[in-house]
There are 2 protein chains.
Amino acid sequence: MSSRSVTIKDIAKILGISKSTVSRALSEHSDVNQETRKKILEVAQQLNYQPNALALNLKQQRTNTIGVIIPETVNRFFAKAIGGIQRVANLAGYNVMICQSDESYITEKNNLRSLIASHVDGVIISVSSETDRTDHFDLLLQKKIPVVFFDRIREDLHTSQVYTDNYEISFAGTEHLIQQGCQRIAIIAGPQNLHNSRNRLNGYMDALKKHDRPVKESYIVHSNFTGGNIEEYTRYLINLPQRPDAVFAINDYAAVEMMHVFKKNGLKIPDDIAVLGFNNENIGRFVEPPLSTIDLPSYDMGAVSAEILLAQIRDASAPIQRKLVKSQLIIRESTHRITTP
Amino acid sequence: MSSRSVTIKDIAKILGISKSTVSRALSEHSDVNQETRKKILEVAQQLNYQPNALALNLKQQRTNTIGVIIPETVNRFFAKAIGGIQRVANLAGYNVMICQSDESYITEKNNLRSLIASHVDGVIISVSSETDRTDHFDLLLQKKIPVVFFDRIREDLHTSQVYTDNYEISFAGTEHLIQQGCQRIAIIAGPQNLHNSRNRLNGYMDALKKHDRPVKESYIVHSNFTGGNIEEYTRYLINLPQRPDAVFAINDYAAVEMMHVFKKNGLKIPDDIAVLGFNNENIGRFVEPPLSTIDLPSYDMGAVSAEILLAQIRDASAPIQRKLVKSQLIIRESTHRITTP
DNA sequence: GTGAAAGCGCTAACAA
DNA sequence: TTGTTAGCGCTTTCAC
């Protein structure tokens, strides 16, 4: 009942042998006399010996822990990604330390500092929407801590990156709207310092160009992900002299809120205005009409990120990887016009 | 540019003093000559000295890390709770290690084992819906690791607990439905090994009794939180000889899905059937009609849990606490009948 | 006020 | 095959 836990020293004392022998027997990969090994294992079992991870950490200067920095856990996209990361990490015997940047550069920097101070073996990160510089990542590279960026990546850094095809899927979504006969397609675009947002906007614009639709500034609204002003933006769009007949929203919550406002203003969805979301939240299946959206492979992106990171942790010479995980267009009724051209 | 980080030994060598003096100067609370202290701090600053947390951990047998076990991060309730926990923990200089039990007893047990192996200083936990025993928590108590249960608590254990008034709020919600003139109120109840679910069911039943409504077995459906069978349950309720005219759902997702099915079957909400949700998800504001629900104080529960835990970590003799954080009934149109009795 | 030495629990190089 | 020793980076007695 002593609250002190048992150490190899205790086992050694009991058997009258040295602690190095005990250490060797316990760590499998050294030659120890079968007899003594057996005895050691028995005693270890009896005393319910558990190696002290803290001692190992100090000795080996690693922690079997990976750090994760994401903007926020309440965002379903990241919550799912965490699931994928943890799955892979836990199977490999790694713990996961999670930090939230709350979309703030300074918090992200502090998170990073504290993860480094905790000597995590590697870091997976999706940068905050506010972050427009990369100097705070230098410390990781300096300390040779493996790092994988996912989703919100930084192409300018020479590190592993896991991302999805924002440009292509945005292109495909816009093209889908065009094929439904939509002529004036508006977009709620994200923060332009984010690579993803730029790609999405480019995909949208290029699809319009391909089909000879003019790209109008007034149809492009710049927002952030928290969507505080969606109602205002929606009203703005409704009141345009040339009201759009389709809108590609920044995410499903914005899309649903917009639908709400459109309906209150007597607009029919999708015939007066088609609505396409982004993120495939549960909510989209239960609104009227059900929301078309883009399914982002967040769980898989998390899992893939963890796999790449672990490979780099285990072998410092493992190559930097850039991996694409594809998104998918999910067509429901909010963009499905009966009267296609 | 050496990748080895600087230690107190380095500083000592440079100044030609002993490392104990350096240690003392750096750890504030010992008397060191003003002159030498100043020099030490200067050099430390110059070399950008960072104490090695691993060495400290071993020495002091603690890690400045708290462990958190929750059923799943994709559940918005828990995602928000994590936010509250992290806020408080980070301000106090603690890191947070998060594990998901995926609603599985065995995973929960493994999570616990791995957190203990990592020597977390304390644990915050919300038990899985599958967990119907407490033996796996003994290890925590044995090792005298402070623990706080939140939301999904275990009243039978002598530990700190943070919970909300499930009974009272469920009573209030049911009473609200009665006051709207509902006569036959059904409930989608949760797993009965969960304390919360039992309390909610009891609140529901007692409210009915108080107002002389009979409690009918056929109006009580037992479900789990993932809600795979909601559509089936809904159809079952619709087809009852005495169709209910109100339903108190297990959570907002279930409520929204039920509304969807009700509407498809030509039922008007709330006049044919009123719907009350649970959890106050964003989704509830944007469905037709907007969903009445219960707002659970998840962020606050997380924050309060962390505060209690930290108090117990800092002072082992700090008292066990049981703290109630109140929920709130949010009335929207899905339960607001114009024709009250 | 400062230094020497021991120790947290473990591993690993070197000796025997 | 096993024991001795040193050391990971830090704190903390105990001398001086």
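When reading the values below, keep in mind they use all heavy atoms of this one structure, side chains included, and skip hydrogens, waters and symmetry mates. We name chains A, B, ... by the order of the sequence lines, and we start the count at 1 in each one.
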Could you list all the side chain to side chain donor-acceptor pair (under 3.5 Å) pairs where at least one residue sits in residues 78-90 of chain A, not counting sequence neighbours? A:Q86-B:Q100

Residues two or more places apart in sequence or in another chain: which of them pass side chain to side chain contact (heavy atoms under 4.5 Å, CB included) with A:L139? A:I116, A:Q142

Residue list, side chain to side chain donor-acceptor pair (under 3.5 Å) with B:Q34, at least two apart or on another chain: none

Applying side chain to side chain contact (heavy atoms under 4.5 Å, CB included) to B:L47 and not counting sequence neighbours gives B:V6, B:I11, B:I14, B:V43

Which residue pairs satisfy the salt bridge (charged side-chain N to carboxylate O under 4.0 Å, His left out) criterion with at least one member in residues 7-21 of chain A, sequence neighbours excluded? A:R4-A:D10

Evaluate the ring planes of B:F150 and B:F77, with Trp represented by its six-membered ring, and classify them as parallel (under 30°), tilted (30 to 60°) or perpendicular (over 60°). parallel

Output one line per pair: protein atom, nucleotide atom from nucleotides 7-11 of chain C, and distance, for all N/O pairs under 3.5 Å.
unit_1, atom_1, unit_2, atom_2, d
C:dG7, N2, B:K59, NZ, 2.8
C:dC8, O3', B:Q61, NE2, 3.4
C:dC10, OP1, A:Y49, OH, 2.6
C:dC10, OP1, A:N52, N, 3.2
C:dC10, OP2, A:I8, N, 2.8
C:dC10, N4, A:K19, NZ, 2.4
C:dT11, OP2, A:S23, OG, 2.5
C:dT11, O2, A:K59, NZ, 3.1

Over all strands shown, is A:L54 touching base, sugar-phosphate only, or nothing at heavy-atom distances under 4.0 angstrom? nothing

Note the angle between the end axes of the helix from C:dG1-D:dC16 to C:dA16-D:dT1, five pairs defining each, rounded to 10 degrees. 50°

Could you list all the side chain to side chain donor-acceptor pair (under 3.5 Å) pairs where at least one residue sits in residues 309-321 of chain B, not counting sequence neighbours? B:S160-B:Q312, B:D315-B:S317

With heavy atoms of chain A within less than 4.0 Å as the criterion, where does contact along DNA chain D begin and end? D:dT1 to D:dG9

Within this structure, what is the CD1-to-C1' distance between B:I40 and C:dT2, rounded to whole angstrom? 10 Å

Sort and list the pairs that fulfil ring-ring contact (aromatic ring centres under 6.0 Å, His included) and have at least one residue in residues 120-147 of chain B, not counting sequence neighbours. B:Y105-B:H136, B:F137-B:F149

Who pairs with B:A53 by side chain to side chain contact (heavy atoms under 4.5 Å, CB included), at least two apart in sequence or on another chain? none

Restricting to side chain to side chain contact (heavy atoms under 4.5 Å, CB included), what partner residues turn up for A:S129, sequence neighbours left out? A:E103, A:R152, A:P191, A:L194

